[in-house]
Amino acid sequence: MNEKPSYKDTLNLPRTDFPMKGNLPRLEPELLDKWAELKISAKLAQPKQDQPTFILHDGPPYANGDIHLGHTLNKVLKDIIVRSKAMAGHYSPFVPGWDCHGQPIEHEVEKRLGRERADIGTAEIRRLCREYALKFVDRQRGQFKRLGVGGIWDEPYLTLDPGYEATVVRIFNQLYQEGLIYRGRKPIHWCYRCKTALAEAEIEYEDEPSPSIYIKFPLLDDFEPLAKASGNKSLLVWTTTPWTLPANVAVAVNPNADYAAVSDGRDIYILADALVSAVEKIAGRELVKIAGFKGESLVGLGCKHPTKEYRSPVVAADFVALDQGTGCVHIAPGHGEEDYLIGQKYNLPSPMPVDENGRFTEEAGALAGLHIIEANDRIIEDLKDRGILLMSGSIDHSYPHCWRCKQPVIFRATEQWFVSMDAGDLRQRALRAIQSVKWVPDWSIRRISGMVSERPDWCISRQRSWGVPIPIIFCGDCGQILAGVDILKHIEALFRAQGADVWFAREPVELLPPGTVCPKCSGADFRKENDILDVWFESGVSHAAVLETRSELSWPADLYLEGSDQHRGWFQSSLLTSVGTKSTAPYREVLTHGFLVDGEGRKMSKSLGNVIDPLKVIERSGADILRLWVCSADYSSDIAISDEILDRISEAYRRVRNTLRFLLGSLADFDPARDKVDYADMEAIDKWVLIRMDELIAKVLGAYEDYRLHIVYHSIYNFCTVDLSSFYLDVSKDRLYTSATNSKARRSAQTAIFELAESLIKIVSPVLVFTADEAWSYLPDRPADEPSVHLSRMPVGNNARIDMKLKDEWGKLLLIRQETSKALEAARTARLIGSSLEAKIRLSAPKEYEEVLTVYARDLAAVFIVSQVELVAEGTAVSNAFESQAIPGVVVEVDRAQGHKCARCWNWRLEVGENSDHPELCGRCLEAIGA
RNA sequence: GGGCCUAUAGCUCAGUCGGCUAGAGCGCGCCCCUGAUAAGGGCGAGGUCCGUGGUUCGAAUCCACGUAGGCCCA
């Protein structure tokens with residue numbers, strides 16, 4: 001047994017109840033309860049006088065499923081920014097929202113109903129959809145709150161709220177009166193069995209045999225490269241849907257591809273050069289190339305329609321592929337998405353000779369009444385008879401099928417509603433509005449501008465039930481549209497009072513102001529539009545439905561913040577509805593973040609099996625770990641996450657936590673009111689660390705301001721590791737532990753540490769919301785009005801104390817310290833010393849360093865954490881010394897320290913042994929224990 | 001196939017106007033300490049700056065073409 005008297009009890013070792021291990025999964029829910037009790041969100045939602053506002057308008061996630069990492073990334077970024085603004089003095093209320101309508105929910109509800117669907121009316125379907133949406137709103141709300149995201153969660157905005165639905169009608173009305181909304185035709189997926197339109201998600205792709213036919217489209221014009229050639233000249237067109245030929249209006253070629261004219265000895269065919277040999281094989285005859293040219297040169301020529309007296313022009317289309325077929329594509333704008341776009345571009349007619357049952361109409365002439373699938377053979381026979389069929393066969397390819405009846409679906413143009421991009425000059429106005437917005441990162445403006453300048457008219461109608469109806473009433477007699485200002489205002493008021501359900505519950509006449517008659521034919525028999533609005537239209541009016549109506553908020557928003565996919569989605573739909581009604585953008589600034597990828601840079605998908613579930617991470621490690629991860633990455637491009645990355649983040653978290661723990665532990669007996677030392681009286685190294693802290697504060701606050709959050713992370717983390725843990729705190733331990741409790745030297749260190757702790761906790765609190773507030777509660781001397789760090793303000797850097805001379809001196813001391821560390825390490829390897837306190841250093845340095853070393857001669861041993869330092873003149877011969885590579889002229893000789901080890905402070909001192917009562921103590925320790 | 005974007009150490013990031021031997025922290029290896037202890041400290045090894053070509057006295061940086069990956073569209 002060791003009976004030696006212990007001096008350990010006379011030391012001031014760190015003491016704190018702030019645990020080393022976070023145990024976040026248990027702690028975080030407790031803090032959430034505490035915040036609820038303190039009503040933190042309510043307090044933050046209470047504006048103070050003259051506070052500048054900062055409105056980050058939340059893009060509504062879809063109310064379906066549990067939150068995933070994408071939600072986590074987005075909402076945590078928003079939360080960090082909102083919190084940093086609040087702590088910088090802004091009034092920054094955050095009103096979260098949800099997108100509640102739409103096909104995915106309706107589809108899900110219908111799937112669950114199965115066969116019962118047919119027996120249930122629209123009202124009931126809508127009731128079930130609402131129930132479903134609200135359930136997931138609630139679920140996701142709980143998950144977002146668990147992530148530590150602050151906001152007015154008790155009163156979120158929902159696109160299914162009557163007030164919101166009324167605003168949708170209001171904006172529709174405004175756009176309608178401006179002449180921006182029109183009715184037109186557009187092909188959509190259509191199931192002729194179920195007689196219904198289908199959304200992309202309702203389509204299943206399966207292999208299906210189709211005819212594969214090659215048809216001659218005879219040239220009607222002279223074509224210069226073939227001027228001398230004799231024989232019938234045609235474009236060779238390939239198609240797998242003969243039944244669409246009656247609707248043909250053009251032939252498309254790829255303008256950039258090479259085309260060839262080939263002869264089979266009698267006729268001349270024009271097709272893509274790259275496909276000649278493939279066609280040769282299929283046709284089983286030799287094709288001799290007689291001319292070559294770019295696809296571009298064909299554009300503008302006319303071809304004869306296969307069956308009608310119609311001149312089908314050759315048009316250019318980049319989408320024409322050269323991997324199969326002929327490179328000449330027959331265009332029927334009523335039967336294909338791409339065909340439709342080409343039709344728009346070239347202003348082509350759009351015949352639609354197929355009815356909702358999949359049968360040809362009178363428009364198809366002799367084919368009228370025939371089903372399109374049955375008609376295929378007839379058409380092929382007819383082409384053969386006309387001598388324009390080169391060959392026909394069959395091909396298996398992936399073809400869309402209806403999810404409900406499993407039968408093939410077709411593209412069929414139907415009446416739809418559109419927002420015109422050009423009628424009211426909307427496109428140009430939007431492009432101008434884009435210019436006045438700040439887009440972050442800067443390439444974002446190129447993306448949105450490119451998309452707005454290229455996009456087709458916005459199709460805003462959907463053939464569904466779960467959404468806001470298109471508020472249009474038709475005259476049942478003459479078909480006149482009744483959409484006057486008063487009528488739409490009346491409908492808006494009805495929606496505001498009763499919700500959009502009223503549309504489905506009432507007869508058309510009951511939706512109109514009393515006494516309304518058709519302005520054209522005075523009829524009083526009405527019919528209502530069955531379509532609903534695109535959900536993008538709904539969420540796109542949130543600036544009007546939320547920013548303009550909520551008392552906490554204001555229009556326009558200071559910031560929209562979403563993933564880069566929203567350049568096509570919400571950024572754009574919001575812009576168009578805002579510019580259409582107000583001629584300006586609904587946001588001052590738009591920030592986009594990248595998408596999640598795994599450690600290899602691949603997207604997260606169930607099939608790749610690389611999906612990480614944020615809820616599991618929270619359960620295992622805590623929300624603060626996820627939040628730190630969000631903060632650590634540069635979100636302007638894709639953001640990687642993997643187990644390794646999360647491990648690194650957890651380690652970084654532990655480092656920050658432990659640094660805070662040491663700071664708090666060092667303040668166990670510190671009462672700032674009583675013990676604080678004036679800055680002017682502080683030890684030089686304490687002044688220095690506060691200067692570093694001021695610099696860190698400036699850097700971090702600037703990074704928050706510029707939304708450069710990864711800079712926040714790296715700066716704070718490096719400060720904890722480099723400045724504090726490995727240097728300042730390591731050096732300060734001696735003073736904190738061994739100096740007399742109330743000595744100036746010790747109180748000086750504590751004064752610095754108190755400020756370090758307070759500032760660090762504050763600047764990290766927008767990120768580590770839980771950990772920071774936990775640490776906050778351990779700080780001594782908290783003012784009563786700041787029971788939570790989240791109600792406090794950011795620290796202000798003190799420029800007055802930035803002393804360049806002191807900074808420069810300590811910069812030099814640190815450089816020298818690196819060299820003494822190397823020398824000590826060499827001595828350690830040579831088994832001369834173990835702990836650095838066992839060493840004495842003899843040091844020489846060039847003039848520019850020697851001056852500083854002389855000024856701080858008294859502090860050098862502490863700074864280098866050795867027992868003795870002797871400065872010697874440069875050039876003094878020392879034996880067996882370390883010569884610095886980094887700073888030529890710096891020479892360090894390491895020896896065993898002189899004297900004996902003090903049992904209390906562990907420094908080696910000559911005087912140890914001189915005091916008979918305490919033969920194991922040094923002079924400083926004798927004084928410290930009052931002996 | 002088109003538009004926009006990304007690529008620097010095993011990981012996360014710096015790298016200004018083109019200019020020293022491309023940096024930091026983590027991780028890794030070795031060592032020390034045992035008074036921050038499921039902690040703390042030191043030293044060290046890690047780079048085809050995605051590739052190829054070009055401009056230039058000089059390129060991680062500028063240009064072109066590729067490759068890989070991401071978002072959106074087709």
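Computed from heavy atoms alone, side chains included, the values below leave out hydrogens, waters and symmetry copies. A note on names: the letters A, B, ... follow the listed sequences, proteins ahead of strands, and every chain is numbered from 1.
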How is [X] classified with respect to the nucleic acid when contacts are heavy atoms under 4.0 Å: base, sugar-phosphate, or nothing?
| X | result |
| --- | --- |
| A/Ser632 | sugar-phosphate |
| A/Val722 | sugar-phosphate |
| A/Gly834 | sugar-phosphate |
| A/Arg831 | sugar-phosphate |
| A/Ala903 | base |
| A/Ala652 | nothing |
| A/Ile645 | sugar-phosphate |
| A/Asn658 | base |
| A/Lys21 | nothing |

| field | Lys NZ or Arg CZ of A/Arg447 over A/Trp439 ring: under 6.0 Å, within 45° | value |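 Ring-cation test returns no.
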
| query | Between A/Lys822 and A/Phe882, is NZ or CZ placed under 6.0 angstrom from the six-membered ring centre and within 45° of the ring axis? | reply | no

| said: Other residues, nucleotides and ligands only: do more than 12 of their heavy atoms fall within 6.0 Å of NE2 on A/His900? | reply: no

| field | A/Arg455 atom CZ: more than 12 heavy-atom contacts under 6.0 Å | value |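 Count over threshold, so yes.
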
| Pick the nucleotide of RNA chain B nearest each of A/Asp734 and A/Ser726; which residue has the one closer to the 5' end? |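 Comparing both residues, the 5'-ward one is A/Asp734.
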
| task | Map A/Ala640 and A/Leu13 onto RNA chain B by nearest heavy atom, then report which one ends up closer to the 5' terminus. | result |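 Going by which nucleotide is closer to the 5' end, it is A/Ala640.
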
Can you tell me, in whole Å, how much space there is between the [atom1] of [N] and that of [M]?
| N | M | atom1 | answer |
| --- | --- | --- | --- |
| B/C20 | B/C4 | C1' | 37 Å |
| B/A14 | B/U56 | P | 32 Å |
| B/C13 | B/G3 | C1' | 29 Å |
| B/G10 | B/G51 | P | 14 Å |
| B/G19 | B/A59 | C1' | 10 Å |
| B/C31 | B/U12 | C1' | 27 Å |
| B/G41 | B/G46 | P | 24 Å |
| B/G18 | B/A74 | C1' | 40 Å |

If you compare every side-chain N and O of [X] against the phosphate oxygens of [N] (OP1, OP2), does one of them come in below 4.0 Å?
| X | N | value |
| --- | --- | --- |
| A/His710 | B/A14 | yes |
| A/Arg15 | B/G35 | no |
| A/Lys822 | B/G42 | no |
| A/Arg654 | B/C26 | no |
| A/Arg655 | B/G41 | yes |
| A/Tyr737 | B/A36 | yes |

| said: Which heavy atom of A/Tyr346 sits nearest to which heavy atom of A/Ala316, and what is that distance? | reply: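 Result for this residue pair: OH-N, 3.1 Å.
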
| said: Just to be sure I understand: a Watson-Crick pair is purine N1 to pyrimidine N3 plus N6-O4 or O6-N4, both under 3.5 Å. Using that and G-U wobbles, which stems of three or more pairs involve RNA chain B? | reply: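 B:1-7 with B:67-73, B:10-13 with B:23-26, B:28-32 with B:40-44, B:50-54 with B:62-66 - these are the stems of 3 or more pairs that involve RNA chain B.
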
Does any donor atom in the side chain of [X] or [Y] lie under 3.5 Å from an acceptor atom in the other side chain?
| X | Y | result |
| --- | --- | --- |
| A/Ser444 | A/His567 | yes |
| A/His710 | A/Tyr635 | no |
| A/Asp734 | A/Trp906 | no |
| A/Thr16 | A/Arg661 | no |
| A/Asp624 | A/Thr771 | yes |
| A/Asn254 | A/Tyr259 | no |
| A/Thr741 | A/Arg746 | no |

[X] [atom1] - [N] [atom2] separation (whole Å):
| X | N | atom1 | atom2 | result |
| --- | --- | --- | --- | --- |
| A/Leu824 | B/G42 | CG | P | 11 Å |
| A/Ile448 | B/C5 | CD1 | C1' | 15 Å |
| A/Leu696 | B/G25 | CG | P | 16 Å |
| A/Tyr653 | B/A38 | OH | C1' | 15 Å |
| A/Arg648 | B/C26 | CZ | P | 11 Å |
| A/Trp906 | B/C33 | CH2 | C1' | 8 Å |
| A/Gln818 | B/C43 | CD | P | 7 Å |
| A/Tyr713 | B/C26 | OH | P | 10 Å |

| query | Syn or anti for B/G35, with syn set at within 90° of 0? | reply |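 Classified anti.
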
| query | Any donor-acceptor pair under 3.5 Å joining the side chain of A/Ser725 to the base of B/A36? | reply | yes

Considering only [options], which nucleotide approaches the side chain of [X] most closely?
| X | options | value |
| --- | --- | --- |
| A/Glu825 | B/G35, B/G10, B/C31 | B/C31 |
| A/Glu644 | B/C4, B/G25, B/G10 | B/G10 |
| A/Lys901 | B/U34, B/A24, B/U37 | B/U34 |

| Are A/Leu813 and A/Leu860 close enough that some pair of their side-chain heavy atoms sits under 4.5 Å apart? | yes

| nucleotides 64-74 of chain B: protein proximity per nucleotide (B base, S sugar-phosphate only, - neither; heavy atom, under 4.0 Å) | -----SSBSSS

